[in-house]
Amino acid sequence: MIKEYLNTDALPYCKGCGHDLIARNTTKALEKLNYDPLDVIMVTDIGCHGIIDKCLNTHTVHGLHGRSSALGAGISLGNENPDKKIIVFIGDGGTTIGLQHIMEASRLNINMTVVVHNNYLYGMTGGQTSGLTPPGFKTTTSYEGNPFTGYDICALSHTAGAAHTSRIMGVGDISDKLKKVLEVKGFSLVEVLEICPSYGVKLNPKRKLSEIVETAGKPLGEWVNDREQFNVHQGSKEKNLLEKVPVIKKVFNSYLKDPMALIVSGSAGEGVQLAAGLISKAAISSGLHVTQKGSYPVTVGVGFSTSEINLSPGKINFHGINVPDVVIITSADGLAHNLKKIEAMKGGKVFMDSSLEVPNTGAEVIRHDFRGLGARNASIFAVFYFALKTGVISTESIFQIIEEEGKGKKLPIAKIKDALSAL
Amino acid sequence: MQENKKGNRTLTDASRLIIESMARAGADSFIGYPITPANLLYQYGSQRMPLMLAAPDEITTLQWMAGLSATGKVPITATSFPGYALMIESVNMAYMMELPMVIILVQRLGPATGTATCGAQGDLSLLRGNISGGHPLPVIATSSFEDCWTLSAKAVETAIKLRTPVVLLTSKEEVMTSKSFDMASLPEIKKTEQKYYDLDCEGAYKSYKPTDMVPDFLPVTQNKHQVRINASTHNQLGLLQHSTPEAMDNTRRLEEKIKQKAFEYIQYELYEQQDAEKLVVAFGITAAAAKDAVAQLQQDGEKVSLLIPKTLVPVQDVYAEIMDSYNKVVVAEENINNQFSEMIYGIRKPAGHSFVGSLGKMITPQQIIEEVKA
Ligand SMILES: Cc1ncc(C[n+]2csc(CCOP(=O)(O)OP(=O)(O)O)c2C)c(N)n1
Ligand code: SF4
Ligand SMILES: [Mg+2]
C-alpha cells in the first residue's frame, strides 16, 4: 500500500511560492494523522494552488474556479464512511467568486476542511486584485495599491456556523496547526497567509509578509463553534408516489358526447380550486376524460383564482382553452380575469353570480345567487348548480367525491342540499 | 404496479409521474432550488428521494450533485431557464468529469425571468449548444403523460449508461396540468445499475479509460484504486493536459460517446399515413396539439403523417431523412424562430417546409390544420 502522499519532490510552483509550503505541510499533517492516502479526497480549485493534483497519491477532484467547496460538500454529503477525509484547496480568488459555497458549507457544518491559500491576489491569471487583497497592496490591476479592505473569510465562515476556523501564517512548519484543523469533525476552514513571489513580491518589493498581514487588519487565531456536524436527515420517505393518489371508480354516467371546455373562476379563498377538483373527479367517476389546471396571481392569497377544465368522452391530447364552452363566475375578480374569453364566446353558457354585471357575450347567461351560502362556499355551490342545470355530471357524483375524500365536514352539505332542492 | 383495474382512473399531474419514474429507474437524490414551474417536481422529489437537500442557489445545486455523483449516487434536480443558466458551467463540468445526473428543465416564457407562469418551447437552441466545443448533451423531450413515465426512466438510464448529465426537457403546461390517467397502464420500470470497475483488477485504474466508449466507474469513497476526476482537459488517468494527443482523444470520445451510444436510446414516434405527402412535426407540449390536428385532418380526408421527435440532442439523421421524404412539412413549436428546424437544416429550410410558432400561448390544433391546408 502506498503511504507516500506526494509522488514527487518537485512541486509545480514558481520558486518560493507559498503554495509549496501549504502542500507539503498538509500532506505531512495527514501522515501524522495516519490516513491512508486513498482515504483522502482532495478537491482542488482552479488557480495555481490547484495544479497540485498530479503530485498527489490521494483521490483528486479538479473542478471549476470557485466551486470546489460546493463540489467537496457534495462529496461529503454522499460519503457514508466517517473514516474518509475531504479536503478542499482553494485560493483567495476562488474564495471571492465562490463565497456563497463556503458560507453554505459553514452554515450546514458539512464535514470537510477548506484550506484557503491566501496569497492576496489572483496568481494564475496574472496577479489581479481579489476580494481578500488588503488595502494598499499593489497588484497588476491596482498599481497604486488596493483602495479597499479584504473580506475576513474566517469571521464570515465562523459567524455562518463553521465548527472551526483559523488564520495562520504560511511560514515554517505548520503541519501541527493543519493537523488540528484536519481533525475537526464538521466544517473547518483554515486561511493560510502567504505571498506570490512572481506578482506579490515583484509589485510590493521590500515588503515583508508579516507587515502585509498587519496592514490587512485580520488577526491570526482560531474560532470555534461547538456544533454537531451535518448529518443527512433522510426523514420518512414515500416509497411510492402513485400509491396515495386515489383511484376513482367509474360508477356514474355522463351524456356528454363532445368535448367541453369549462372555466371556473372567482376570488382567492373562495374555494375555486377545490370546486374545480370536485368537478374533475366527479367527471372521472362518470367515465369522462379530464384535464385540469389552476391559475392565480403569484400572490396566491389575493385576487382571482381560476381553473381550466376539459371534459371529454374520449382521450384528451390538447388541453388549452381559447374560447370556453361553459364559464362559471362567482366574483368580480373572476369576471375581470375572464372577460375577454366570455366576450369571445359565440354560444355556450355563462353561470354567474347575480351581483355581477352581465358582459357582452354570445353565450347564454344564467345568473344566480352563488354567494348566498357565504363567500367561502360560492364556487362549491356554483359547481352543484352547474351540475344540476347542465346534467353533464350528476350532483350525486359530486356528493360522492366529497364523501370519499372526507371533505364533508368542512362543507355545509345540508345547506347545499336545501338550496339545491329549493331550485 | 398499481392494482387498480384498467379503466379506473386517477386525477394526477405529470410531475408526480416523472419523479416516481426516475426513482424507480435508479435516481436516489434530489437537490432542489425553487423555481416556477418546476416546484411540484421539487415537492415530489423531497417526498420520494432517499436523499434530499435544499441548495442555496443553482450553481451549488449542480456542484452538490456532481459531488454526490462522484460517490456513486444518481442525483436529479428540476429547474427552469433562469436556474439552468446558472448551472451551465457546472453542467459542462459534470459532462467533462463524466458524472451521471438528470436535470429536468421545465420551459417557461423568456427571455430572462420572462413570465414564470407561462409555458414556452424556447430553450432547444441553448441546449443544443450549451457544451463548449459544441459537443452534444443528451436532451430528451416528453410529449405526453406516458412519456413522462417512460422517458424519465430513459433519461436516468441514459445518464447512468453513458456517464453524462442528461436534460429531460418539458414545459409548464406539461408538468402543472392534472389529467385523468389510468396508472395501471404504466409499464414497469427497471432500475439501471452503474457499471463498476472490477475492484480486484490488478494495476492502475484509469478513471477515463473507456470500455466500449464509456469508462467504468469507481467512487472516490473506495480505497483500492486511485480515482482522478477532472473537468480540465485530461488524459485517461484524469491528469490535466494542455492538448496532448491522448487528451484530445479523450475529448473526442466525449462527443463520440454521446453520438454513438445515444443512438441506442433514440426515441421518436412516427405515424405514417399511406400515400401521405404532408408531414406534421412537433415535440413536447405541441405534440398534443399536433396529434389532434392530424386526427382532424385525416377525418377531413387529408393524407398526412405525424412525427414526434423525443431524443432532440444528439441531433438525429433520421429526422432529416423522414422530413426529406415529404413534399410539405409543417413544424410546430412554441417559439418564434423554429428552433427544431434550424437545428436540423440551419437557417435555410428546404422548400415546402413551413413553421407554426407562438409566443405566450399554446399552439392550437386549428393553427396546425390551417397551415397544413394552406
Ligand atoms: C468562472 C471563471 N472565471 C474566471 C476564471 C479565470 N481564473 C482562473 S484562475 C483564477 C484566479 C485564481 O486565483 P486564486 O484563486 O487566488 O488562486 P492562485 O492562482 O492565486 O493560487 C481565475 C480568475 C475561471 N477559470 N473561471
Ligand atoms: S504565479 Fe504566484 S501563486 Fe502562481 S505559482 Fe507562481 S508564485 Fe505561486
Ligand atoms: Mg491567490
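To find a chain, count down the sequence lines: A is the first, B the second, and so on, and within it residues start at 1.
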**Fill in**
Greatest number of non-hydrogen atom pairs under 4.5 angstrom with chain B, of A:Gly63, A:Ala73, A:Ser280, falls to A:Gly63
**Asked** chain B heavy atoms under 4.5 Å from A:Thr58: which part of the residue, side chain, backbone, both or neither?
**Response** backbone
**Complete:** Heavy-atom nearest pair, B:Met87 first then B:Thr61, reads CE-CG2, 4.2 Å
**Item:** Expected output: side-chain A:Gln273 to main-chain A:Thr306 donor-acceptor under 3.5 Å
**Value:** yes
**Asked** Contact part of B:Thr286 toward chain A, heavy-atom cut-off under 4.5 Å: side chain, backbone, both or neither?
**Response** neither
**Item:** Engaged part of A:Gln292 at the chain B interface, taking heavy atoms whose separation is under 4.5 Å
**Value:** both
**Request:** Tell me, for A:Ile316 versus chain B, whether the close heavy atoms (under 4.5 Å) come from the side chain, the backbone, both or neither.
**Result:** backbone
**Request:** Let me know if A:Lys54 has heavy atoms under 4.5 Å from chain B in its side chain, its backbone, both or neither.
**Result:** both
**Asked** With only heavy atoms counted, which part of A:Tyr296 is less than 4.5 Å from chain B, the side chain, the backbone, both or neither?
**Response** neither
**Fill in**
Tightest non-hydrogen contact, residues B:Lys172 and B:Gly119, listed as CB-CA, 3.8 Å
**Asked** Which region of B:Gln222, side chain (C-beta onward) or backbone (N, CA, C, O), has a non-hydrogen atom less than 4.5 Å from a non-hydrogen atom of chain A, or is it both or neither?
**Response** both
**Prompt:** Looking at B:Thr221, B:Val220, B:Leu62, which one has more heavy-atom pairs under 4.5 Å with chain A than the rest?
**Reply:** B:Val220
**Message:** Strictly distance-based, threshold 3.5 Å: is any side-chain N or O of B:Ser143 a donor or acceptor partner for the main-chain N or O of B:Ile285?
**Reply:** no
**Complete:** Listed by number, the residues in residues 39-46 of chain B that come under 4.5 Å of chain A (heavy atom to heavy atom) are B:Tyr44, B:Ser46
**Which of B:Ile59, B:Leu17, B:Leu239 touches chain A most, by non-hydrogen pairs under 4.5 Å** = B:Ile59
**Asked** What part of B:Leu240 lies closer than 4.5 angstrom to a heavy atom of chain A: side chain, backbone, both or neither?
**Response** side chain
**B:Leu68 versus chain A, the contacting section by heavy-atom distance below 4.5 Å** = both
**Request:** Please flag which part of A:Lys239 lies under 4.5 Å from any non-hydrogen atom of chain B: side chain, backbone, both or neither.
**Result:** backbone
**Message:** Within the 3.5 Å criterion, strictly below it, is a donor on B:Arg48 or A:Asn240 matched to an acceptor on the partner's side chain?
**Reply:** no
**Request:** Pick one of side chain, backbone, both or neither for B:Leu53, based on which atoms fall under 4.5 Å of a heavy atom in chain A.
**Result:** side chain
**Prompt:** Distance from B:Met183 atom CE to B:Trp149 atom CH2, nearest 0.5 Å?
**Reply:** 8.5 Å
**Message:** If I measure from the heavy atoms of chain B, does A:Leu56 come under 4.5 Å with its side chain, its backbone, both, or neither?
**Reply:** backbone
**Prompt:** Within the distance-only criterion (no hydrogens, no angle test), does the side chain of B:Tyr205 pair as donor or acceptor with the backbone N or O of B:Leu218 below 3.5 angstrom?
**Reply:** yes
**Message:** Can you tell me which portion of B:Met176 sits under 4.5 Å from chain A's heavy atoms? Options are side chain, backbone, both or neither.
**Reply:** backbone
**Heavy-atom contact with chain A under 4.5 Å, split by part of B:His234** = neither
**Asked** Side chain, backbone, both or neither: which part of A:Leu288 has a heavy atom under 4.5 Å from chain B?
**Response** backbone
**Flag, side chain of B:Ser144 to backbone of B:Asp147, donor-acceptor distance under 3.5 Å** = yes
**Message:** Using heavy-atom distances under 4.5 Å, tell me whether B:Thr71 contacts chain A through its side chain, its backbone, both, or neither.
**Reply:** side chain
**Asked** So, A:Asp39 and B:Asn223: side-chain donor and acceptor under 3.5 Å apart, yes or no?
**Response** yes
**Message:** Quiz question: by atom type and distance under 3.5 Å, do the side chains of A:Asn310 and A:Thr291 form a donor-acceptor pair?
**Reply:** yes
**Side-chain donor or acceptor of B:Ser69 paired with backbone N/O of B:Ala66 under 3.5 Å** = no
**Asked** Do the rings of B:Phe145 and B:Phe181 sit parallel, tilted or perpendicular, given the 30° and 60° boundaries?
**Response** tilted
**Request:** Only one of A:Glu104, A:Arg67, A:His101 passes side-chain hydrogen bond (donor to acceptor under 3.5 Å, both in side chains) with B:Thr60; say which it is.
**Result:** A:His101
**Request:** Taking all heavy atoms of A:Leu242 and all of B:Leu186, pick out the closest pair and write down the distance.
**Result:** CD1-CD1, 4.0 Å
**Asked** In terms of heavy-atom proximity below 4.5 Å to chain B, should A:Ile41 be classed as side chain, backbone, both, or neither?
**Response** side chain
**Fill in**
Counting heavy-atom pairs under 4.5 angstrom with chain A, the leader among B:Asp57, B:Asp28, B:Thr12 is B:Asp57
**Complete:** When the 4.5 angstrom heavy-atom criterion is applied to A:Asp83 and chain B, the contacting part is neither
**Asked** Can you tell me if A:His65 uses its side chain to pair, donor with acceptor, with the backbone of A:Ile46 under 3.5 Å?
**Response** yes
**Message:** So which atom in B:Ala282 and which in B:Ala290 form the shortest heavy-atom distance, rounded to 0.1 Å?
**Reply:** CB-CB, 3.7 Å
**Asked** Do B:Tyr208 side-chain atoms and B:Asn230 backbone N/O form a donor-acceptor pair below 3.5 Å?
**Response** yes
